[in-house]
Structure formats: C-alpha cells, structure tokens
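Single-structure report; data block below.
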Amino acid sequence: MNGEFVAWEDAQVHVLTHAMHYGTGVFEGIRAYETDRGTAIFRHQDHLDRLEQSAAFYYMDLPFSKEQIREATHELIVRNGFKSCYIRPLVWRGHGPMGLNPLDNPVETMVAVWEWGAYLGEEGKTKGVRAKVSSWRRIGPDSLIPHAKASGQYLNSVLAKIESVKAGYEEAILLDRHGHVCEGTGENVFVIKDRLIATPGHSASILDGINRKSVIEIAGDLGYEVEVRDVARSELALADEVFLTGTAAELTPVREIDDIEIGPPGPITREIQQAFDDALHGRSQQYAQWLDVVQVPSRA
Ligand SMILES: Cc1ncc(COP(=O)(O)O)c(C=O)c1O
C-alpha cells in the first residue's frame, strides 16, 4: 500500500478519502494460478495496461510504474505463500480537499491478494447459472466511461446484482442504452446459435474484458467464427448456448435466462471452457505467453 508492505488488518484509509465519497478510484481484478512453472498471473501486463488506461480516463497518473506494481505483486504473492490467488490493485484519490474537483487530492495505490474460489460457484462453472435481464441499463458513454474500470461506475453493477439476487437468480445481464445485450455485472456475454458465436462490441458500452479477448482468440483457434456485433435481447432466449467470461467468474455457462431454459452447458461452451481452463492453468503451450510466472524477488 503506497509503496510499503502492510499487514491485512493495518491496511486502512482516512474516512474523508475522496474515493469513498465520490467513487474516484480505478482498479483491476486479476488471478494467479498454480501451474507446472510455478504460480503464474494470467495476462498480468494486459491488466496493468488497462489499470493505467482507466486511471488516465479519470486524470490520474499511476504513482508507481507498471513494472514496480508488477514486481510488488510478485513479492506480495510470495510473502503470502499463495499458490493461486485473486489480485486486486486499486488506485484512488485520497484524503485532501473536499469537493468534486479531485485534482489536488493525492493519488494512492494498493495491491491486495487473497485466496478466492469460483465467483459464481464451482457448481455454476460445471452446471451453469440462472441469470435475469436487469431492469437497470448498463452505463453509457454519454454519462460515464464504460471502458474504464472505475470504482464509482460499479454502483450500476451493484444495483443490477442486488436486483437479480433478490429475485432468486445468480447473475444479471444488463442491456445497453439501445436495448441491446451488453454484459453481466462483472462479466462479458457470449451467445451461440447454429455453431456461430456472437458477443457485443465496444458500441454496446462493454468493459473490454481481458478474458473476453482470450476466449475470442481461443474460439478462433478452435475453428469457430466469433462475430463481434450488436446482440438482440431475444437472441438470449433463442440461443443454443450462452456463457459469461470474467476474471472472477472465469468461464461460466448460463443455463437459464428470465426463466427460459437454455439448457446445461453445451458442447461448444464445454470445448472452449476446457481450452480456456488449460490456458489459465498453464497446461497449454499455445497460450504460455499469457502467463506471468511469479518470480521470488532477490531481496525477499
Ligand atoms: C463490468 C465488467 N465487465 C466485464 C468484465 C470482464 O473483464 P475481465 O475479463 O477483464 O475480467 C468485468 C470484470 O473485470 C467487469 O467488471
């Protein structure tokens, strides 16, 4: 935290932290997996690049270089003795002048790691989850910055998530401002019909998921055509298979949407999920370059 290793219970901020009041933070969600080459962070550099991009959207320079954050993350994982873990870097506006101009508030940084299982449950990954199309629309580019992974923006996901959970579903799918399918509360969406795979693109206000990009590449390598295009809400109900991708949820099939049965995870979902899982866990030579193997820092 701000350049020091801090014990979990001592990692604290002032109550007047700007980001707590106005959401002026940006963050990443990253995972490290146990592999034959040791603990390896999946697409670490891509996450750090997106962190820097999100910070820039909100007029913040990272207080540390991406390489410093990368090395500190390695050391943090080693110090905690984790073989696999979730990694949460956060860059935020700290305690300073109160008010909506944050430019004179300090920019602070932390990286936290902890062991975290499947976000939508192990059963969700094997059997699929039930999702509900949310009454909340995904934030649009006319009011916020959908491509930034910014703390305040997640109030949109929080509302959708609470609505879906209260209604008895595991996840929500948000439509964009035009009524097209956008994404889950923390995942991108893929729809399969007649062996064609489709996923919404940037014009649908998605967060450009790193796992989305990985799955598009993997599906292409497996010989499937992936169309990046607008996806109509009705295509969810008509789909042969639907799945979600995200760092927390990994690849999670959707078996039911709005009480309409899609069915148990289908063959294409399972094939891509297997190849994706192999990439995450370092079992695939083809995608070995996506892994940042955790090195023990020489001073640790
Ligand atoms: C709103 C939202 N969309 C999509 C994603 C998927 O992104 P990624 O695959 O980079 O984790 C996430 C998770 O970070 C998210 O929070």
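Atoms within a ligand are numbered from 1 in the order they appear, just like the ligands themselves. All residue numbers in this chain count up from 1 along the given sequence.
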Just list the N/O pairs, ligand 1 to protein, that are under 3.5 Å apart, with the distance for each.
{"from": "ligand 1", "atom 1": "3 (N)", "to": "Glu183", "atom 2": "OE1", "distance (Å)": "3.2"}
{"from": "ligand 1", "atom 1": "3 (N)", "to": "Glu183", "atom 2": "OE2", "distance (Å)": "3.4"}
{"from": "ligand 1", "atom 1": "9 (O)", "to": "Ile210", "atom 2": "N", "distance (Å)": "3.2"}
{"from": "ligand 1", "atom 1": "9 (O)", "to": "Asn211", "atom 2": "N", "distance (Å)": "3.0"}
{"from": "ligand 1", "atom 1": "9 (O)", "to": "Asn211", "atom 2": "ND2", "distance (Å)": "2.7"}
{"from": "ligand 1", "atom 1": "10 (O)", "to": "Arg50", "atom 2": "NH1", "distance (Å)": "2.9"}
{"from": "ligand 1", "atom 1": "10 (O)", "to": "Arg50", "atom 2": "NH2", "distance (Å)": "2.9"}
{"from": "ligand 1", "atom 1": "10 (O)", "to": "Ile210", "atom 2": "N", "distance (Å)": "2.7"}
{"from": "ligand 1", "atom 1": "11 (O)", "to": "Asn211", "atom 2": "ND2", "distance (Å)": "3.4"}
{"from": "ligand 1", "atom 1": "11 (O)", "to": "Thr247", "atom 2": "N", "distance (Å)": "2.9"}
{"from": "ligand 1", "atom 1": "11 (O)", "to": "Thr247", "atom 2": "OG1", "distance (Å)": "2.7"}
{"from": "ligand 1", "atom 1": "14 (O)", "to": "Lys149", "atom 2": "NZ", "distance (Å)": "2.7"}
{"from": "ligand 1", "atom 1": "16 (O)", "to": "Lys149", "atom 2": "NZ", "distance (Å)": "3.2"}
{"from": "ligand 1", "atom 1": "16 (O)", "to": "Tyr154", "atom 2": "OH", "distance (Å)": "2.4"}

Atom CD of Gln285 with >12 non-hydrogen neighbours under 6.0 angstrom:
no
Kindly assign one of parallel, tilted or perpendicular to the pair His95 and His14, based on the angle between their ring planes and the thresholds 30° and 60°.
parallel
Decide whether a cation-pi geometry holds between Arg93 and Tyr22; the criteria are a distance under 6.0 Å from NZ or CZ to the six-membered ring centre and an angle within 45° of the ring axis.
no
Could you tell me the separation between the CD atom of Glu170 and the CZ atom of Arg130, rounded to the nearest 0.5 Å?
7.0 Å
What class does the angle between the rings of Tyr86 and Trp116 fall in, given that below 30° is parallel, 30 to 60° is tilted and above 60° is perpendicular?
perpendicular
Are Lys66 and Asp49 close enough for a salt bridge, meaning some N to O gap below 4.0 Å?
yes
